[in-house]
Structure formats: C-alpha cells, structure tokens
Amino acid sequence: MDKFSLEAKRALVTGGSRGIGLGIARGLAEAGADLILVGREAKSLGEAREALEKTGRSVQAHPFDLSRVSEIPDFYKKIVHEGGAPDILVNCAGTICRSPAENLALEDWRLVLELNLTSVFALSQAFAREKIADRKPGKIINIASLMCESVRRQTSAYAASKGGIRQLTKALAVDWAMYGITVNAVGPGYIKTDLTRALWEDRDMDAWVREHTPLGRWGLPEDLASTAVFLASPAADFITGQVIYVDGGWLATY
Ligand code: GCO
C-alpha cells in the first residue's frame with residue numbers, strides 16, 4: 001500500500017480553506033503530505049490551517065487572490081523561498097456566476113475564466129518551470145466538473161471554463177510528460193459546498209440533483225479526497241491527461 005502513501009511529500013492546494021479544496025487537503029494530509037494552503041480570505045485560511053494541523057502534518061497558509069494572474073509567478077517564488085517547492089499542485093480555487101447568457105456581464109465572464117482557467121495555467125506553469133529547472137517530477141491535479149461534458153441552464157462561463165480545464169489538463173500532460181510531471185483532473189458531480197448552496201437549499205433543485213444522480217445523493221468533499229490522493233501518489237505514475245469523474249453516476253446517464 002506504500003504506493004498510495006504521500007509521506008515526505010508537500011502539496012499545495014488552492015481554494016484549500018473550504019469545500020472541495022479543504023476536503024482534498026485533509027485527504028492528502030491523512031495520506032502523509034505536508035500542506036501549503038492558498039486562499040483569498042486570511043481568516044478562513046487560518047481556520048483551515050488550525051483544523052488541518054490536527055492531522056499532525058505541517059500546514060502553511062498563504063492568503064492570495066489567484067484572479068491576480070500576473071502576480072502568480074512572483075507569488076509562487078515566494079512560496080518556494082519560504083517553505084520549499086511543493087511536489088503536488090491541486091488547482092481547486094474557482095468560482096461560478098449563474099446567469100442567463102444574454103444577461104451575463106462581460107466582466108463576470110472574464111472573472112470566471114480568469115480564476116477557473118487562466119490562473120490554473122499560470123500556477124501550473126510556475127510549478128512546472130520550477131520542477132523542470134530542478135529536474136524533479138511533479139503531480140498536478142486540476143478540479144474539473146461534470147460540466148466538462150454536460151451543462152445546465154445559466155452556467156455558460158463556468159461550463160466554458162471547465163471545458164477548458166478538461167483540454168488544458170490533456171495539453172499540459174502532453175507537454176510535461178517528458179519531465180516526469182503528470183497532469184490529471186478530478187471531475188466532481190454535484191457536491192454539497194458553499195458554491196452550490198443556492199442549489200441544495202432550494203427544494204426543487206435539491207430534488208432535481210438527486211433525481212439526476214444515480215447514486216441518489218449529493219457528493220461530499222471527502223468523496224473526492226481519495227481520488228485526489230490516488231492521482232497524487234506513486235500508484236498513478238503511469239496516468240496522465242485523464243479526468244476521473246466522481247459524480248455519483250451523473251455522466252453515465254448522458
Ligand atoms: C450548477 C452547479 C454545478 C456544480 C458542479 C457540478 O450551478 O449547476 O454549480 O456547476 O457546481 O460544477 O460538477
């Protein structure tokens with residue numbers, strides 16, 4: 001079972017202070033990884049750090065707004081300088097703006113694409129440049145979505161960004177395989193987090209999600225953690241360019 005261990009590894013998790021990011025960070029720590037958490041709000045990041053330190057792993061917290069894409073290279077250099085280079089990068093930070101496409105402000109479109117897609121490219125590039133220069137392998141895990149394959153009304157920017165993540169995962173996997181850097185993605189179904197609160201608090205939407213999910217329930221952040229641990233571990237050394245959907249069977253019905 002050592003192939004699933006993350007002992008002596010360091011994992012950087014963006015969006016690590018809540019929801020899916022926090023669930024995955026906890027799973028990585030329980031598998032033995034030390035953590036670097038990146039999130040926009042210092043308060044919730046500090047709370048997540050305190051909670052995750054209970055796993056016995058070292059946890060660093062770096063407040064940063066990843067939508068400030070041009071500042072990502074310097075931010076990454078600061079992280080490496082302060083605590084050493086991560087071996088694993090989990091790109092989980094993201095947002096959604098639900099609106100009929102005809103009403104979607106261009107600024108909202110840009111914000112969703114900047115955070116959900118462009119910042120993932122920029123941070124992955126900073127990670128890869130450092131690994132390539134150090135001649136060390138690395139693991140990148142992006143957070144995709146069932147919306148890589150199917151959509152719902154009023155989610156144009158989010159669905160476009162997640163479709164982009166699906167293709168970016170493949171493209172970076174192909175570019176960086178020669179350096180021993182694998183790039184994969186976990187594709188969540190409907191997961192009970194703050195990002196989907198507006199849906200699970202709505203009785204009709206709650207029923208719709210349960211009806212369209214063969215396993216009949218909302219997913220939880222911990223449902224995603226084990227897949228992320230697997231992809232981050234030596235057990236997945238021959239896997240790259242893949243999206244593994246953890247969606248309760250949602251896409252099986254499409
Ligand atoms: C929505 C939801 C979805 C989920 C998730 C499913 O508005 O339909 O927010 O987009 O968040 O992406 O994988």
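First listed ligand is number 1; within each ligand, the first listed atom is number 1.
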*Give the numbers and elements of all ligand 1 atoms closer than 4.0 Å to a heavy atom of Pro188.*
6 (C), 13 (O)

*asked:* Does only the side chain of Ile96 get under 4.0 Å from ligand 1, or the backbone, or both, or neither? Count heavy atoms.
replied: side chain

*Look at atom 12 (O) of ligand 1 and find which of Ser145, Ser150, Gly187, Gly219 reaches it with the closest heavy atom.*
Ser145

*asked:* For atom 3 (C) of ligand 1, what's the nearest protein heavy-atom neighbour? Residue, atom name and distance, please.
replied: Tyr190 CE2, 3.6 Å

*Counting heavy atoms only, name the option from Arg153, Glu149, Met147, Arg98 that's nearest to atom 7 (O) of ligand 1.*
Arg98

*asked:* Is the contact between Ile191 and ligand 1 made by the side chain, the backbone, both, or neither, using heavy atoms and a 4.0 Å cut-off?
replied: neither

*Check the pair Asp194, Arg197 against salt bridge (charged side-chain N to carboxylate O under 4.0 Å, His left out), reporting the backbone distance first and the verdict last.*
CA-CA 5 Å; Asp194 285 343; Arg197 178 180 296 277; 3.0 Å; yes

_I'd like to know if the side chain of Arg57 and the backbone of Gly32 have a donor-acceptor N/O pair within less than 3.5 Å._
yes

*Is the number of heavy atoms from other residues, nucleotides or ligands under 6.0 Å of Asp2 CG greater than 12?*
no

*Parallel, tilted or perpendicular for Tyr254 and Trp250, by the 30°/60° rule?*
parallel

*How about Asn91 and Ser124: does a side-chain donor come under 3.5 Å of a side-chain acceptor?*
yes

_Per-atom contacts, ligand 1 versus Leu195 - under 4.0 Å to a heavy atom_ = 11 (O)

*Please assess Glu114 against Arg110 for the test salt bridge (charged side-chain N to carboxylate O under 4.0 Å, His left out), listing each intermediate value before the final yes or no.*
CA-CA 6 Å; Glu114 198 81 335; Arg110 284 199 187 99; over 6 Å; no

*Heavy atoms only: which of Gln154, Met205, Arg152 is nearest to atom 1 (C) of ligand 1?*
Arg152

_Evaluate Asp74 against Lys78 for salt bridge (charged side-chain N to carboxylate O under 4.0 Å, His left out), listing each step before the verdict._
CA-CA 6 Å; Asp74 286 345; Lys78 170 177 167 283; over 6 Å; no

*Do you know which of Leu66, Leu115, Leu37 makes side-chain contact (heavy atoms from CB on, under 4.5 Å) with Thr14?*
Leu66

*Name the closest protein heavy atom to atom 6 (C) of ligand 1, giving the residue it belongs to and the distance to 0.1 Å.*
Gly189 O, 3.3 Å

*What part of Leu146 sits under 4.0 Å from ligand 1 if we count only heavy atoms: the side chain, the backbone, both or neither?*
both

*Decide whether an N or O pair under 3.5 Å exists between Thr155 and ligand 1.*
no

*Ligand-residue contact atoms, ligand 1 with Thr196, heavy atoms, under 4.0 Å*: 9 (O), 11 (O)

